[in-house]
> 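My structure is below; once you've seen it, I'll send some questions.
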Amino acid sequence: MKLKKGDTVLIISGKDKGRTAKILKSLVKEKKILVEGINLKKKHVKPKKEGEKGQVISVSMPLDISNTKFLCPKCQKATRIGYKIEGDKKFRICKKCKSEI
Ligand SMILES: [Zn+2]
């Protein structure tokens, strides 16, 4: 998994297509990511106490990595992540502008 928490992605399919947002969580096993404000689903919340009202809230659901593209924070372009290895260190780099990301 090249993407990680805090990265910005561009949504390339689905109802949020064209939007950009930050990754809140990456689910490595499922090859999915949870993106802030993207793929919202309505969820009914039952009242916790007596006398309280139930609520309908929107929660972000994980979406497939294949529906997103990494957005480079340096050149602001949708790109792929490459790696640069220097000694025993590995850096992620933008394939477009070659900046370390
Ligand atoms: Zn770049």
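Being a predicted model, the structure only gives us computed values, none of them experimental. In this chain, numbering begins with 1 at the start of the sequence shown. In each ligand, atom 1 is the first atom listed, and ligand 1 is the first ligand listed.
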> For Asp16 and Arg19: C-alpha separation, side-chain torsions, deciding distance, then whether salt bridge (charged side-chain N to carboxylate O under 4.0 Å, His left out) applies.
CA-CA 6 Å; Asp16 296 308; Arg19 292 182 60 192; 3.2 Å; yes
> Tally of protein N/O/S atoms under 2.8 Å from the Zn ion (ligand 1)?
4
> Is a donor on one side and an acceptor on the other found under 3.5 Å between the side chain of Lys96 and the backbone of Ala78?
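Present.
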> What pairs meet the salt bridge (charged side-chain N to carboxylate O under 4.0 Å, His left out) rule with one or both residues in residues 38-47, with sequence neighbours excluded?
none
> So does Val9 get a backbone contact from the side chain of Lys22, meaning a donor-acceptor N/O pair under 3.5 Å?
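No, Lys22 side chain to Val9 backbone: no donor-acceptor pair under 3.5 Å.
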> Just checking, is any N or O donor in the side chain of Ser60 or Asn39 under 3.5 Å from an acceptor N or O on the other one?
no
> Closer than 3.5 angstrom, by distance alone: can the side chain of Lys74 be matched with the main-chain N or O of Cys97 as a donor-acceptor pair?
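Answer holds: no.
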